[in-house]
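Report on one structure; see the data block that follows.
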2 protein chains.
Amino acid sequence: MNNQIDFSDIFSRSGWFVGFEEDKLPDIFSFGHRRVYESGVTLFREGDHATKSYMVLKGRLKVSKLHEDGREAIVRYINPGEMTAAVSVLKGKDYPVTAQAIGPSEALEWDRETMLNLMNTYPRIAINLLGIVVERLDDIQTRYLELQTERVEQRIARSLLRIMRQSGRKTSEGILIDFRLSRQDLADYTGTTLYTVSRTLSRWEQKGWTVSSRERIVVTNPHALVSFAETG
Amino acid sequence: MNNQIDFSDIFSRSGWFVGFEEDKLPDIFSFGHRRVYESGVTLFREGDHATKSYMVLKGRLKVSKLHEDGREAIVRYINPGEMTAAVSVLKGKDYPVTAQAIGPSEALEWDRETMLNLMNTYPRIAINLLGIVVERLDDIQTRYLELQTERVEQRIARSLLRIMRQSGRKTSEGILIDFRLSRQDLADYTGTTLYTVSRTLSRWEQKGWTVSSRERIVVTNPHALVSFAETG
DNA sequence: CCCCCTATTTGCGCCGGCGCAAAGACACGA
DNA sequence: TCGTGTCTTTGCGCCGGCGCAAATAGGGGG
């Protein structure tokens with residue numbers, strides 16, 4: 001288990017720490033259990049009884065909901081510094097979604113009891129949690145509206161931009177999505193099919209907006225993409 | 001302003017009051033301002049600065065998000081006993097949705113300052129709020145999945161059933177949706193068009209599953225509808 | 001009780017996007 | 001370096017659902 005996690009970077013990405021003095025954080029962390037996940041491992045499944053909350057330290061989680069017919073909707077990606085499953089654990093409910101590591105990852109885990117103790121010691125935690133949940137509610141409501149009202153190509157554009165903002169890294173070519181993202185993944189996130197995403201990316205590549213290869217997408221002209229996403 | 005609101009009914013419908021002794025509730029209520037709304041009045045608009053939280057006492061609110069092109073997505077209906085806008089007010093943000101009275105309504109309003117005071121006095125409020133928000137997050141995530149994966153007719157069935165469970169009233173004919181619900185409304189809630197809803201209801205009426213007229217829907221065979229919603 | 005405004009129904013034609021199928025490209029392991 | 005499995009591309013045909021248009025039905029106000 002290596003220790004060169006950049007905590008200050010993690011702090012800045014997470015609403016979790018708002019209002020804490022930095023010297024309290026090691027205390028909170030010390031009650032968590034640090035664990036490594038191989039790529040592809042499922043941390044928890046929709047419908048399982050919720051026992052642990054997670055904060056991602058390294059890597060990335062894919063949070064999705066599964067439909068009976070096998071199709072899946074990707075609800076969000078969880079980046080380093082972000083939490084997942086905190087509330088279902090507190091409430092003693094089942095997980096409403098499934099979380100899977102994409103790429104080698106590390107997370108800090110807290111069990112229900114520890115969480116409740118921490119919340120007693122630091123009431124601020126409940127307030128911060130409320131903020132995080134509301135933010136996610138806004139996000140999914142907005143995407144719900146888009147899914148109802150916009151055409152596929154526009155939605156793919158918005159999806160790609162959203163992922164880019166959360167997980168993009170600047171390179172000489174443009175902004176690179178910093179993890180393996182297949183056409184199928186982008187389709188599951190957008191609410192369309194593998195084929196349509198593929199055709200769309202081909203078109204965009206011809207226009208010079210993106211460059212894509214196997215499980216890899218670079219946005220070379222974010223401006224054009226934003227403008228297209230907004231005007232249709 | 002009449003006073004024959006059935007508070008015990010309101011308590012039972014709302015997660016808001018979980019864990020309170022009943023004798024504290026009059027205190028909380030006394031800090032709210034009670035107000036009457038005519039049918040069609042807009043309580044707040046998406047993007048406005050959030051100044052007031054509401055609890056519906058009578059009537060019903062329609063909560064929706066608007067798209068630039070004029071189309072709207074109905075996010076949910078707020079029934080008596082339920083809250084809306086509590087968190088945006090606390091966070092000092094803008095309203096993320098629009099709320100409009102459908103039918104003559106009454107609500108209890110609290111402003112930001114009062115809310116913050118109440119939360120200090122009764123910390124339980126924050127915890128209950130968290131529960132409410134999470135419930136809504138689950139709801140919208142589930143509908144998001146359905147919107148991505150299911151065909152229109154199935155989604156209309158699920159939508160109607162969801163509305164029925166929240167706002168249905170048993171009658172001799174079957175279960176009546178207890179407020180004016182047009183084909184357009186159901187379309188905006190489901191993510192389809194007025195035309196498709198109309199055709200679908202006609203079909204269902206022939207099968208004996210529903211009886212509908214102008215802005216009025218009665219589910220006469222809930223079983224059949226549920227079975228259809230689940231199996232497609 | 002009648003009028004007018006709004007909601008609903010339904011025929012018709014179109015088309016965006018789906019999904020099969022087959023070929024091509026790439027990545028990794030032996 | 002080659003082979004194999006997975007991901008991607010693209011031609012092709014189909015069809016679910018949209019949306020116009022016109023007729024019809026209600027219902028609330030005067």
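Here is the naming used below: chain letters follow the sequence lines, and residue numbers restart at 1 for every chain. Hydrogens, waters and symmetry mates play no part in the numbers below; they use all other heavy atoms, side chains included.
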Legend entry - Non-hydrogen side-chain atoms of B/Phe44 and B/Lys52 separated by less than 4.5 Å: no
Legend entry - DNA chain C contacts among residues 146-160 of chain B, heavy-atom distance under 4.0 Å: none
Inset, instruction - Measure the shortest side-chain to side-chain distance between B/Tyr189 and B/Arg143 over non-hydrogen atoms and say whether it is less than 4.5 angstrom. - result: yes
Inset, instruction - Working to the nearest 0.5 Å, report the span between OG1 of A/Thr98 and NZ of A/Lys65. - result: 8.5 Å
Legend entry - Whole-Å distance separating the CZ atom of A/Arg180 from the C1' atom of D/dT8: 14 Å
Legend entry - d(CG, A/Leu186; P, D/dC7) in whole Å: 15 Å
Inset, instruction - Return the residues of residues 192-206 of chain B meeting this criterion: a heavy atom under 4.0 Å from some atom of DNA chain C. Order them by number, or give none. - result: B/Tyr195, B/Ser198, B/Arg199, B/Ser202
Legend entry - salt bridge (Lys or Arg N to Asp or Glu O under 4.0 Å) partners of residues 189-207 of chain A, not counting sequence neighbours, each pair once: A/Glu153-A/Arg203
Inset, instruction - Could you identify which residues of residues 207-216 of chain A place a heavy atom less than 4.0 Å from some atom of DNA chain C, listed by residue number, or say none? - result: A/Arg214
Legend entry - Protein-nucleotide distance (A/Arg183, atom CZ; C/dA25, atom C1'), rounded to Å: 11 Å
Legend entry - Cation-pi, B/Phe179 ring and B/Arg169 (6.0 angstrom, 45 degrees): no
May I have the list of side-chain donor-acceptor pairs in residues 158-165 of chain A shorter than 3.5 Å, sequence neighbours left out?
| from | atom 1 | to | atom 2 | distance (Å) |
| --- | --- | --- | --- | --- |
| A/Arg158 | NE | A/Glu150 | OE1 | 2.9 |
| A/Arg158 | NE | A/Glu150 | OE2 | 3.1 |
| A/Arg158 | NH2 | A/Glu150 | OE2 | 2.8 |
| A/Arg158 | NH2 | A/Ala229 | O | 3.3 |
| A/Ser159 | OG | A/Arg155 | O | 2.9 |
| A/Ser159 | OG | A/Thr190 | OG1 | 3.1 |
| A/Arg162 | NH2 | A/Glu146 | OE1 | 3.4 |
| A/Arg162 | NH2 | A/Glu146 | OE2 | 3.2 |

Inset, instruction - Answer yes or no: is there an ion pair linking B/Arg35 with B/Glu106, defined by an N-O contact shorter than 4.0 Å? - result: no
Inset, instruction - Working to the nearest 0.5 Å, report the span between CD of A/Gln141 and OG of B/Ser64. - result: 10.5 Å
Inset, instruction - Determine, for A/Arg216 against A/Glu173, whether the closest basic-nitrogen to carboxylate-oxygen distance falls under 4.0 angstrom. - result: yes
Inset, instruction - Can you measure from OG (B/Ser105) to CD1 (B/Ile78) and round to the nearest 0.5 angstrom? - result: 11.5 Å
Inset, instruction - Could you tell me the separation between the OG1 atom of B/Thr200 and the CH2 atom of B/Trp209, rounded to the nearest 0.5 Å? - result: 11.0 Å
Legend entry - Main-chain N/O of B/Thr51 paired to B/Tyr95 side chain as donor or acceptor, under 3.5 Å: yes
Inset, instruction - Within residues 224-232 of chain A, find the residues that approach DNA chain C with a heavy atom at under 4.0 Å, and present them sorted by residue number. - result: none
Legend entry - Nearest-0.5 Å distance, CG of residue A/Leu145 to CD of residue B/Glu46: 7.5 Å
